[in-house]
Trainee: 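This structure is in structure tokens; I'll ask about it shortly.
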Number of protein chains: 2
Amino acid sequence: MSASQTQHRIIEAAILVFNEDYSAPLEHVAEQADVTRRTLHRYFTGREELLASCAQEMRRSCQQAMLQALNSSAEPRKQLEYMLYAGVDCGAKYALFNKLHSRPEHHHTPLNADCAAYDSVCSRFRNVITQLQEQGAISLHLTTAWVMALFNGVVVATVNAATAGAVAPNSLKEFAWFSFSKGIGV
Amino acid sequence: MSASQTQHRIIEAAILVFNEDYSAPLEHVAEQADVTRRTLHRYFTGREELLASCAQEMRRSCQQAMLQALNSSAEPRKQLEYMLYAGVDCGAKYALFNKLHSRPEHHHTPLNADCAAYDSVCSRFRNVITQLQEQGAISLHLTTAWVMALFNGVVVATVNAATAGAVAPNSLKEFAWFSFSKGIGV
DNA sequence: TAACTATGTCTCAAATGTGAGACTTTATGC
DNA sequence: GCATAAAGTCTCACATTTGAGACATAGTTA
């Protein structure tokens with residue numbers, strides 16, 4: 001196993017664990033990554049540094065997936081659909097990315113690259129929703145904030161359904177888009 | 001402040017905090033409850049005991065609300081609607097109740113009153129969904145597991161929207177039911 | 001007011017989590 | 001197979017969290 005591979009595996013494990021339990025001991029992360037705590041500490045001096053790496057990875061992954069979704073079509077309806085698939089694909093990354101940036105104790109500043117990326121994604125999202133509302137594709141009585149909250153809720157539902165194994169993985173995206181699109185009146 | 005009042009306030013605070021961060025230090029719970037950690041420890045000898053009290057309160061509250069919802073109507077469609085409102089009203093209690101009982105590390109046993117209550121609620125839920133599917137009110141290609149996952153996702157969405165203050169509280173239930181009911185094809 | 005109760009303050013010991021040094025073992029590539 | 005890198009083991013010091021005793025203080029009620 002190469003060094004960067006292990007490092008990446010630890011980050012992925014950390015995102016899974018912290019999404020479930022933000023203050024979980026690093027031992028749990030190490031177990032999830034299938035390494036010892038000693039190895040984890042060789043790559044990350046502490047929780048702060050690990051969290052920073054997670055934040056960076058979540059930003060990179062989510063931003064990339066969302067931008068690709070937006071570039072896949074010029075039609076807002078398709079853009080929204082692909083954004084949902086992107087969120088589902090990112091899974092825990094997307095869930096934690098959102099969770100951390102919408103906490104009351106989160107110190108938001110556009111100077112931080114992660115915050116800027118979050119803002120950017122939210123802004124693009126809002127634009128798509130606004131466009132759909134203008135063309136009457138989204139029920140008018142729903143607010144943009146609710147549509148975004150629902151979007152996140154649907155992603156959380158897929159993450160939970162996937163980890164619980166209660167829903168066939170190849171049906172997840174279909175179910176998610178069906179429920180979300182109908183749920184906002186598209 | 002009477003003793004039982006304080007005790008209850010601590011439990012409510014703990015449910016809010018643990019729903020956000022399961023391994024949060026008890027200091028955070030004390031802060032949320034607006035008491036000192038010393039006071040918290042007078043009521044609960046430790047984390048385990050506090051968690052047990054939370055589990056009991058979540059069970060009591062969720063079960064009561066769900067049963068009331070089911071008893072409000074004989075029509076499955078109405079029952080489902082009231083169950084969603086019940087979930088939204090319970091908020092973090094419902095969210096954490098679910099979270100804890102659907103964890104892989106959770107040791108499920110029907111002998112435990114909390115587990116039994118969870119099973120009971122799930123079972124009643126499944127019955128309602130099955131009835132609706134039989135009368136063709138729910139899209140046939142959706143599985144029961146997905147409908148339940150979506151239900152939980154919508155409740156999570158309302159909890160987040162409420163704590164973020166992004167959606168007017170008096171619109172939440174209406175939005176939630178609109179999105180959920182359309183989302184499953186009712 | 002006096003007695004009682006609930007809570008806060010200060011303190012401390014035990015438990016748990018954290019970070020890293022020193023060395024060994026296991027993979028990996030040449 | 002040998003050199004090297006990566007990961008494990010054992011160990012320890014330090015920080016944080018946890019649980020509770022001793023006592024002071026505020027609020028409540030007889």
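Labels below follow one simple rule: chain letters A, B, ... track the order of the sequence lines, proteins then strands, and each chain is numbered from 1.
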Trainee: In this structure, which one of A:I138, A:T130, A:L132 forms a side chain to side chain contact (heavy atoms under 4.5 Å, CB included) with A:P76?
Mentor: A:L132
Trainee: Does the gap between the ring centers of A:Y22 and B:Y22 come in under 6.0 Å?
Mentor: no
Trainee: Is there a side-chain contact between A:E12 and A:E57 (heavy atoms, below 4.5 Å)?
Mentor: yes
Trainee: Among residues 7-32 of chain A, which ones have heavy-atom contacts with DNA chain C below 4.0 Å?
Mentor: A:P25, A:L26
Trainee: Check whether any side-chain heavy atom of B:F175 lies under 4.5 Å from a side-chain heavy atom of A:L150, and answer yes or no.
Mentor: no
Trainee: To check you understand the geometry: which heavy-atom pair defines the closest contact between A:V29 and A:A13, and what is its length?
Mentor: O-CB, 3.8 Å
Trainee: Should A:T36 be listed as having a side-chain N or O under 4.0 Å from OP1 or OP2 of D:dG8?
Mentor: yes
Trainee: Students often mix this up, so state it plainly: with edges at 30° and 60°, are the rings of B:Y118 and B:H101 parallel, tilted or perpendicular?
Mentor: parallel
Trainee: Heavy atoms, side chains only, cut-off 4.5 Å: are A:Q133 and A:T144 in contact?
Mentor: yes
Trainee: Do A:N152 and A:Y94 get their side chains close enough for a donor-acceptor pair, meaning under 3.5 Å?
Mentor: yes
Trainee: Linking I/L/V/M/F/W/Y whenever their side-chain heavy atoms sit closer than 4.5 Å, directly or via other members, would A:V156 and B:F97 fall into one cluster?
Mentor: no
Trainee: Classify the ring geometry of A:H106 against A:H108: parallel below 30°, tilted from 30° to 60°, perpendicular beyond 60°.
Mentor: perpendicular
Trainee: At 10 degrees resolution, what angle do the end axes of the helix from C:dT1-D:dA30 to C:dC30-D:dG1 form when each is taken over five base pairs?
Mentor: 40°
Trainee: Of the residues in residues 37-48 of chain A, which ones touch DNA chain C at a heavy-atom distance under 4.0 Å?
Mentor: A:R37, A:R38, A:H41, A:R42, A:T45, A:G46, A:R47
